Every structure is written in C-alpha cells, then in structure tokens.
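Following: one structure in structure tokens, then a few remarks.
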Number of protein chains: 2
Amino acid sequence: METKFKPKLDHIKLDYKIWLADINGNGILGDGKWRMLKLIAEKGSLKAACDELGYTYRRTWGNIKKIEDFFGFPLLEKHRGGAEGGSMILTEEGRLLVKAFNKFHSNADAMIQKGFRDFINDISDK
Amino acid sequence: METKFKPKLDHIKLDYKIWLADINGNGILGDGKWRMLKLIAEKGSLKAACDELGYTYRRTWGNIKKIEDFFGFPLLEKHRGGAEGGSMILTEEGRLLVKAFNKFHSNADAMIQKGFRDFINDISDK
DNA sequence: TTGCGTTATGCTGACTCCTGCATATCGGGA
DNA sequence: TCCCGATATGCAGGAGTCAGCATAACGCAA
C-alpha cells in the first residue's frame with residue numbers, strides 16, 4: 001500500500017515517559033529523577049550529577065525532596081561539610097527502588113521500541 | 001524481604017505517555033490528540049468531541065493544526081455551514097494513522113501494566 | 001579560626017501552555 | 001433573506017514550571 005506518510009517517516013521519532021504518581025496524579029518518580037538518582041549514586045554528589053546532566057542544583061534538590069516527602073523516608077544519605085564539602089549516597093531503600101526501576105524501564109523500553117517499528121511499518125508502503 | 005515501601009504501595013499508580021515527535025523533539029501525536037481524533041471520528045464533530053472530553057475548542061483546534069502542519073496534508077475533512085452548522089470526518093490517511101496508533105497503544109499498554117506489577121512486587125515484601 | 005566546596009532553601013522574573021472571550025465565515029432551512 | 005450552529009482564528013490574562021541569583025549551614029584541613 002502506498003501512503004502519503006512516506007516522505008515524513010524519517011523525520012518522526014518516538015518519545016515516551018513512564019512514571020509513578022500518587023492517587024491525585026502528581027508525579028513521584030519518572031525517567032528524569034531515576035537517571036538523576038543513578039548518577040548521584042555513581043558520583044556520590046548531587047552537585048556533580050547536576051553538572052553532568054546540565055540540570056540546575058535548585059531544581060533537582062526540589063525533585064528529590066518531592067520523592068522523599070511522598071515515601072516518608074530518605075532515599076539518600078546526605079552529608080554537609082568536610083574536606084570535600086559534602087556528599088550524598090543512596091540508602092538501602094534508594095538502592096532497591098533504583099534497581100527495580102532499572103528493570104522495569106529496560107523491559108518497557110525494549111517493548112516500546114518494537115511497537116514503534118511495527119507502527120512505522122503499519123503506516124508505510126507495504 | 002521486608003521493606004519500608006509497603007505502606008505506600010496502595011497509593012502509587014503508574015502513568016505514562018507515548019508520542020510521536022519531530023526531529024527537534026516537538027510533540028506531534030500523543031495520547032491526548034489520538035483520543036481526540038478517535039472521538040471526532042465517532043461524533044463527526046470537533047465541538048461535540050471537545051464537550052465530551054472537557055477540552056476547549058480553541059486548544060484542540062490548535063492541536064489538530066499542528067499535526068496537519070507537520071504531515072503536510074489533512075487528517076480531517078472539514079465542512080462549515082449547513083443544517084448542522086458543520087462537521088468533521090477523518091480522511092483516509094487519518095483513519096490509517098488512528099488505526100496504527102490504536103494497535104501500538106494497546107500493545108504498549110498491556111506490556112507496561114505487566115511491567116508495573118513486577119515492579120511493585122520487586123519493592124514489596126517477598 | 002579562617003577558607004573552601006557542598007548541601008539546603010527562599011525568591012523573582014522569564015517562558016510556556018491553556019483558558020476564555022471575541023469575532024468572522026460558511027451553508028442549509030425556515 | 002435571515003437565523004442557527006459549527007468551523008476558523010486572534011488576543012489577553014492566568015497558572016504552573018524552571019532558571020538563575022542569593023544566602024545560610026556545615027565540617028574538615030591548613
């Protein structure tokens with residue numbers, strides 16, 4: 001089948017977001033915060049993680065607070081002062097959450113990418 | 001395994017969005033516009049569809065224009081005037097697009113919901 | 001005890017998206 | 001010919017989000 005979509009197919013990409021929300025639909029943990037938690041764990045520092053991802057410290061700090069406020073316990077152990085100025089490391093719960101979201105996300109990603117290829121095929125020439 | 005997440009598990013829900021975007025990341029067709037296209041097709045009228053979903057006519061009209069501007073051809077056949085005031089029906093291309101997105105979306109939905117159940121299980125008591 | 005780098009937090013102006021209002025256009029039917 | 005209801009489109013005001021700036025608190029090391 002010949003379709004009018006053909007000329008545009010190379011200019012379309014797929015994008016998606018998956019996140020956990022509370023009962024009222026307020027976002028708790030999504031792709032951005034998840035990536036940030038992983039990078040903080042890796043760097044041991046919120047500031048270093050923000051610098052790398054290009055996010056502002058102010059915004060990211062607020063996002064982390066939102067997650068912790070929802071769950072009611074900390075996901076990060078924070079330290080102020082000291083030779084390095086301070087540091088952040090994941091708590092036991094933080095590690096568990098990141099690990100579970102890792103698995104969830106990579107499964108979802110593979111499935112969605114396949115679905116997108118099928119979709120493009122469906123609106124393309126057969 | 002006993003975890004601190006337990007008290008919150010009933011208050012978490014999963015949410016997600018999947019959409020097509022252009023090269024620059026500008027959204028073209030997503031869940032909202034897709035649902036709207038389906039409802040317009042069903043009702044035969046943009047106004048009736050907006051009333052049902054609670055969206056403003058102004059906003060929805062702008063969204064439809066965005067999609068059509070991107071593809072470069074109409075997805076809807078529009079009629080002004082007449083006994084009913086006017087009407088909208090999907091073009092051949094519109095029907096194809098909605099149908100392909102239907103399939104894509106329902107597959108993605110099933111897969112993501114399963115992934116979410118596994119995720120909840122992963123952070124729950126074992 | 002002074003300096004340094006990071007965590008912690010308030011505030012304001014820019015930016016974006018949406019709502020709501022106003023108005024023009026169109027064509028069948030009374 | 002005039003009315004009605006839906007499509008078509010501009011514009012101003014509001015709400016939420018984010019960037020960027022400012023500042024305080026903290027604790028090791030020199």
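Predicted model, so just to flag it, every value in this text is computed and none were measured. Reminder, nothing fancy here: chain letters follow the sequence lines and each chain counts from 1.
- Using a cutoff of 4.0 Å between basic side-chain nitrogens and carboxylate oxygens, B:Lys65 and B:Glu68 are not scored as salt-bridged.
- Separating the NZ atom of A:Lys47 from the C1' atom of C:dT7 is a distance of 11 Å, rounded to the nearest angstrom.
- Regarding B:Glu84, its CD atom lies at a distance of 16 Å from the P atom of C:dG27, rounded to whole Å.
- Look at B:Lys103 and A:Asp122 and you find a salt bridge, because one of the NZ, NE, NH1 or NH2 atoms lies within 4.0 Å of a carboxylate O, short of that distance.
- Ring geometry, B:Phe104 versus A:Phe116: the interplanar angle falls from 30° to 60°, so the pair is classed tilted.
- Connection of B:Met36 to B:Trp19 is not established within any shared hydrophobic cluster, with ILVMFWY side chains joined at heavy-atom distances below 4.5 Å, either directly or through further cluster members.
- Contacts between residues 15-38 of chain A and DNA chain C, defined by a heavy-atom separation under 4.0 Å, are absent.
- Mapping A:Ala83 and B:Trp61 onto DNA chain D by nearest heavy atom places B:Trp61 closer to the 5' end of the strand.
- The stretch residues 75-82 of chain B touches DNA chain C through B:Arg80, B:Gly81, B:Gly82, each having a heavy atom under 4.0 angstrom from the strand.
- At the phosphate of C:dT7, neither OP1 nor OP2 sits under 4.0 Å from any side-chain N or O atom of A:Ser87.
- Atom CG of B:Asp51 is separated from atom C1' of C:dT19 by 15 Å (rounded to the nearest Å).
- A:Thr3 places a side-chain N or O within 3.5 Å of a backbone atom of A:Ile123 that can act as its donor or acceptor partner.
- Between B:His105 and B:Phe101, the two ring planes are tilted [angle within 30° to 60°].
- Following chains of ILVMFWY side-chain contacts shorter than 4.5 Å, one cannot reach B:Ile89 starting from B:Leu97, and the two form parts of different hydrophobic clusters.
- Of all non-hydrogen atoms in B:Asp31 and B:Ile18, the two that sit nearest each other are OD1-O, 2.9 Å.
- The distance between atom CD1 of A:Ile40 and atom P of C:dT6, rounded to the nearest whole Å, is 14 Å.
- Straight-line distance from the CE atom of B:Met88 to the C1' atom of D:dT7: 6 Å, rounded to whole Å.
- In this structure, A:Thr60 contributes its side chain and A:Cys50 its backbone to no donor-acceptor pair below 3.5 Å.
- Hydrophobic clustering of Ile, Leu, Val, Met, Phe, Trp and Tyr side chains at less than 4.5 Å, counting indirect connections, keeps B:Met111 apart from B:Ile120.
- Going from atom OH of A:Tyr55 over to atom P of D:dT17 covers 16 Å, rounded to whole Å.
- Protein atom NZ of B:Lys43 is 13 Å distant from nucleotide atom P of D:dT7, rounded to whole Å.
- In this structure, the CZ atom of B:Arg59 is 17 Å from the C1' atom of D:dT9, given to the nearest Å.
- The cationic atom of A:Lys4 (NZ for Lys, CZ for Arg) lies less than 6.0 Å from the six-membered ring centre of B:Phe73 and within 45° of the ring axis.
- If you find the closest nucleotide of DNA chain C to A:Tyr57 and to B:Asn63, the one lying nearer the 5' end belongs to A:Tyr57.
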Are there any protein N/O atoms within less than 3.5 Å of an N/O atom in nucleotides 20-22 of chain C, and if so, which ones and at what distance?
none

